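The structure appears right after this line, and notes come after that.
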Amino acid sequence: MYSKELFNANAQQLCDVGRFLFGRGWSPATSSNYSARLDEQHIAITSSGKSKGELSVDDIMVVDLQGVATADHSHQKPSAETLLHTMLYQRDGQIGSVLHTHSVNATVLSRLYAKQGHVELEDYELLKALRGISTHETQQALPIFPNTQDMVALSAQVAEYLEKNTVIHGYLIEGHGLYTWGNSVAEARRHVEACEFLFECEVLTLQLRR
Ligand SMILES: [Zn+2]
């Protein structure tokens, strides 16, 4: 069972990462949600509807891996997308943090490549910022799932995809945003930064080629 100190430390990390991601314009208008693992059965996660640039520890709550708030956080409202977080923690014991953002570039690319079902990222040096990749000479496909308000269906669809495919720690939802994860908040944040850099390169390249 996690301690109060562990909760506070993780909650503070989520507040700090929120300030960073909001500051970059990747979590506008109270969108996005962030989480960190506390123990085998619990995660700390942002509660619904808060500006991600102004989070305090009181805006973070604890849910179990079924997405149910613990008794001392039952007054807080979990994000509608909590299931998309808990599914990842259930599947992979190595995951320590999940970050979900709503940037312009992720949104635009996810719509542009929705029919294709993935965004291809190839030969970029910054792919090496993603855990497990050690050379730019690689081609990675970031899957895109159709957007829906049915989180049970979407989390099942993502889980099925992850069962069959090796994915570079992330996926897009069409017209919506990016989910990425890592073994810590710091690693998940690095993955967001890397993905956003690569998305910006893709969008700029498309603009210049016109
Ligand atoms: Zn979202």
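Ligands are counted one by one from 1 in listed order, and the atoms in each one are counted from 1 as well. Values in this document were obtained by computation on a predicted structure and should not be read as measured data.
Side-chain contact, Asp16 with Gln12: a donor N or O sits under 3.5 Å from an acceptor N or O.
Of the charged side-chain nitrogens involved, at least one lies within less than 4.0 Å of a carboxylate oxygen, so that Glu187 and Arg131 count as a salt-bridged pair.
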Chi angles and distances behind the ring-ring contact (aromatic ring centres under 6.0 Å, His included) call for Tyr161, His118
CA-CA 12 Å; Tyr161 185 94; His118 63 271; 9.3 Å; no
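Contact check for Asp72 versus Val62: no side-chain heavy atoms found under the 4.5 Å cut-off.
The environment of OH in Tyr124 is crowded: more than 12 heavy-atom neighbours from other residues, nucleotides or ligands sit within 6.0 Å.
Under the 30°/60° scheme for interplanar angles, the aromatic rings of Trp26 and Phe20 are found to stand perpendicular.
Protein N/O/S atoms found under 2.8 Å from the Zn ion (ligand 1): Glu81 OE2, His100 NE2, His102 NE2, His176 NE2.
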